[in-house]
Amino acid sequence: MTLWSIGDLAKRTGLPVKVIRHWSDIGVVPPTERSATGYRRYDARALARLELARTLRDLGLGMAAIREVVDRERSLPEAAAIHADALEAQIRTLRLQQAVLRSAAQGTSFQGAEELAELTHLARLSAAERTAVVHEFVAEALGDLDVPTYRAGLLAATPDLPDQPTPEQLDAWLELAALVRTPQLREALARMAAYAAEHAPGEHDEREIEALRDLTDLWTQRVTAATDAGIMPDSPAADPVVAGIVEAWLPTQTRTDLKVDGDGEQARQRLLEQLEVAADAGVERYWQLLCVINGWPVRPSLAGPGQWLTTALRANPAPGARAAAITAMLDGADSEPAAMLAACERVLAEVELIVAGVPPTRFGDPTPCAGWDVRALIDHLVWENLLWTSLAEGAPRTDFAADHLGADHVAAFRLAAAATLTAFRRPGMLRQRYGDAPGWRLAEQVVIEMLVHGWDLARATGQPTDLAPEVAETVLPAVRAMYGALPRTPADRSARNSRRRPGRPPRTGSRHT
C-alpha cells in the first residue's frame, strides 16, 4: 500500500500544507496511520477524501457539511441540495442589495440615509405589503370620485414579484415604490379620474373597455403609418388622418355628454382634451413598471404618437382649417422680392462662416435638434439648399436620405448655397407662381431654415449665435402666422419631403428641434 506525507499530498493537490494539516486535525481527512517518528501518512482513500473536500469547499460548503459528506453521514445529493438552497437565499439577498444600491446610485428619489433605509425596507416587503402600498396610493389619488371601473382596474393591477425576480423586476419595483410617493403621479391619476367622472361616470363593461383598447391600437397604427409616410402633424396632409381617427373614436363616446353628429370642431376639441388629460409620462411609466414586475408584455410608449396626434388636432382644429389658413396667409401677405433675395444672400453667407468653423472632429457632437449630431445637421443645411433650388427649377429632388456632404462639408455647403442663389436670381423667378404662392416664398423658406438650423449649428459648436437679427425679425411674423403656438416636431429626415406637394409651395417648416 502506497502512503504519502502531507507534503506529498500538497504536491498532488496543490493545496497548502497548512490547509491539509488543519483539515486533518478537524477530522475531514484523518491520517491513515503515523510513522514510527509520529509523522502522518495518507493512503489513496484519504487522497480521494481530500480531493472531494477541496471540491466541496470550492463550491462554498462549510467544513461541518463537508465532514458529513466525506464521512457518509449525509449523501452528496442531500448536501448539494441544502447548499443550493442556502446559495439561493444568499443570491436573493445580494440581488436586493444590488437593486437598492443601484437605485441609490441614481439618486432620483432616495438620496439621504433615511431614504436609503426606506429603500431597503421597500425591497424586503412581502407580496401583501406591496399590494397595500399600491392600494393606499390608489385610494389617496381617487378619493370619492365616481369611477368604479377605473378604480377597479387600478386596484387589480398589483405588483406581483416572482419568488426569483430578475434584476430588472427588482429595479422596477423599487422605481414603482418611489414613483407612487410622488405628488405628481397622484395628481395625474386624480386628474384623469376627475375627467372621467365628469364626462362618463359610473360603471363601464368589458366591451367598452375593449373598444377603447382597440381604438388605441387603431390610432397609434394610423399615426405611425402617417409618420412613416413623412406626413407632418402640423400640415394639411394630416387632416385626413385626423378625420379617420375621429370617425373611429366617436362610437366610443355614446355614453358621454358629447352630442355631435360627426367630425367637426367640437369633436376634435373633445378628443384633444382627452389626449391631453391622458398624456402623462408618470402614469405611462407606472403601467410600464407594473408590466415589468409582473412579467407582462410592455406596450410601446404612446408619447411619440400622442404628440403627433395632439399636434395634428391643434393644427387642424376643424376639417380643412389648416389648408384654409395657409391659403389665406399666402394670398394676404406680400413682400419686396428684392429684399427677400438680399436677406437670403446675407443669411447664406453667415451660415457658410459657421459651417466653415466646424472641424470634422466635431461631427459626432450633439445638437439642439434631437436625433441629429453635427454632421447630420450640416447635411440638413446642404439638403435644404439643394431642395429649394430643385423646386425653383421645377424638378423637385427626392434624395433626401442620401449623404450630401461627401469628404468636404464646407465645399458641399458653398456649392449648394451658390446654386440656390443662382436659381433665385433667375429673372422673374421671385414673382413666378409656385402653386398658390410667389417664388419669393421659396427664398423666405430658405431664410427661415438657415436661421433656425444655423443657430442650432452655432450653438452646438460654440460659435456666436447672433445670426442676422434684422433678417430674423423680418421673417418672424411669417413663422408666427404659420405655426402660432404649435409645438416643434421631431427632427426626422424622412419627414423632409412631406411638405413638398404639387399645387402648393412648401410651407415654412423648421420646427423639428
Chemist: Does Glu276 pair with Arg314 as a salt bridge, N-O distance under 4.0 Å?
Modeler: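 Salt bridge between Glu276 and Arg314, a charged N being under 4.0 Å from a carboxylate O: yes.
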Chemist: Scan side-chain atoms only and decide if Gln169 and Trp173 contain a donor-acceptor pair under the 3.5 Å cut-off.
Modeler: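 No donor-acceptor contact under 3.5 Å links the two side chains.
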Chemist: So do Thr182 and Leu185 actually touch side chain to side chain, heavy atoms under 4.5 Å?
Modeler: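 Yes; the side chains approach each other to less than 4.5 Å.
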Chemist: My understanding is that only residues two or more places apart in sequence, or in another chain, count here; which of them pass side-chain contact (heavy atoms from CB on, under 4.5 Å) with Gln432?
Modeler: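 Per chain and number, Gln432 pairs via side-chain contact (heavy atoms from CB on, under 4.5 Å) with Arg426, Tyr434.
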Chemist: Taking only Lys NZ, Arg NE, NH1 and NH2, and the carboxylate oxygens of Asp or Glu, determine whether Glu350 and Arg346 approach each other closer than 4.0 Å.
Modeler: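 Arg346 and Glu350: salt-bridged.
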Chemist: Hey, is the main chain of Trp372 close enough, under 3.5 Å, to the side chain of Thr367 for a donor-acceptor pair?
Modeler: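 Present.
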Chemist: Is it true that atom CG of Asp261 has more than 12 heavy atoms of other residues, nucleotides or ligands lying nearer than 6.0 Å?
Modeler: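 For Asp261, atom CG is not crowded (no more than 12 foreign heavy atoms under 6.0 Å).
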Chemist: Can you tell me how far apart CH2 (Trp249) and CD (Gln274) are? Round to the nearest 0.5 Å.
Modeler: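 The CD atom of Gln274 is 5.0 Å from CH2 of Trp249, to the nearest 0.5 Å.
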Chemist: Is any side-chain heavy atom of Asp263 closer than 4.5 Å to a side-chain heavy atom of Pro319?
Modeler: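 Counting from C-beta outward, Asp263 and Pro319 do come under 4.5 Å.
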Chemist: Counting only N and O atoms by type, is there a donor-acceptor contact under 3.5 Å from the side chain of Arg285 to the main-chain atoms of Asp280?
Modeler: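 Absent.
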Chemist: So, does Arg191 use its side chain to make a donor-acceptor pair with the main chain of Ala278 at under 3.5 Å?
Modeler: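 Such a contact is absent between Arg191 side chain and Ala278 backbone.
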Chemist: Quick one: does Asn294's side chain have a donor or acceptor within less than 3.5 Å of a partner on Leu161's backbone?
Modeler: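 A pair under 3.5 Å: no.
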Chemist: Is the gap between the ring centers of His409 and Phe363 under 6.0 Å?
Modeler: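 His409 vs Phe363: aromatic centres under 6.0 Å.
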Chemist: Would you check if Tyr195 and Val147 make a side-chain contact, meaning some heavy-atom pair closer than 4.5 Å?
Modeler: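 The answer is no, as the side chains (C-beta and beyond) never meet within the 4.5 Å cut-off.
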Chemist: Quick one: pull up CD1 in Ile231 and CG in Asp239 and give me the separation to the nearest 0.5 Å.
Modeler: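 Spacing of CD1 (Ile231) from CG (Asp239) equals 11.0 Å.
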Chemist: Verify the neighbour count for atom CD of Glu210: are there more than 12 heavy atoms of other residues, nucleotides or ligands below 6.0 Å?
Modeler: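 More than 12 within 6.0 Å, yes.
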Chemist: State, without any angle test, whether Glu175 and Gln288 hold a side-chain donor-acceptor pair at a distance under 3.5 Å.
Modeler: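 Short answer, no.
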Chemist: Does Asn316 use its side chain to pair, donor to acceptor, with the backbone of Ala318 at less than 3.5 Å?
Modeler: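 Pair absent, no side-chain N/O of Asn316 close to backbone of Ala318.
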Chemist: Does any non-hydrogen side-chain atom of Arg222 lie less than 4.5 Å from one of Val242?
Modeler: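 Contact flag for Val242/Arg222 side chains = no.
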Chemist: Salt bridge check, Glu273 against Arg268: does any charged N sit closer than 4.0 Å to a carboxylate O?
Modeler: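 No.
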Chemist: With side chains defined as the heavy atoms from C-beta onward, is the minimum distance between Tyr286 and Val180 less than 4.5 Å?
Modeler: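 Yes, close enough: below the 4.5 Å cut-off.
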Chemist: Using side-chain contact (heavy atoms from CB on, under 4.5 Å) as the criterion, list what pairs up with Glu352, not counting sequence neighbours.
Modeler: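 Residues passing side-chain contact (heavy atoms from CB on, under 4.5 Å) with Glu352: Phe413, Arg414.
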Chemist: Salt bridge (charged side-chain N to carboxylate O under 4.0 Å, His left out) for Glu284 and Arg299? Distances and angles first, verdict last.
Modeler: CA-CA 10 Å; Glu284 183 175 67; Arg299 291 178 65 92; over 6 Å; no
Chemist: Any salt bridge between Arg397 and Asp399, counting N to O under 4.0 Å?
Modeler: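 Answer for the salt bridge query: yes.
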Chemist: Does the pair Arg459/Asp456 count as a salt bridge with the N-to-O cut at 4.0 Å?
Modeler: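 Salt bridge flag = no for Asp456 with Arg459.
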Chemist: With a sphere of 6.0 Å drawn around CD of Glu140, does it hold more than 12 non-hydrogen atoms of other residues, nucleotides or ligands?
Modeler: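 More than 12 heavy atoms, drawn from other residues, nucleotides or ligands, come within 6.0 Å of this atom.
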Chemist: Taking it one step at a time, do Glu345 and Arg425 satisfy salt bridge (charged side-chain N to carboxylate O under 4.0 Å, His left out)?
Modeler: CA-CA 10 Å; Glu345 292 170 344; Arg425 288 167 180 160; 2.9 Å; yes
Chemist: Side chains of Glu449 and Trp388: do they bring a donor and an acceptor to under 3.5 Å?
Modeler: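 No donor-acceptor contact under 3.5 Å links the two side chains.
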Chemist: Taking the side chain as every heavy atom from C-beta outward, state whether Met340 and Arg441 have any pair of such atoms under 4.5 Å apart.
Modeler: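 The answer is no; the side chains never approach within 4.5 Å.
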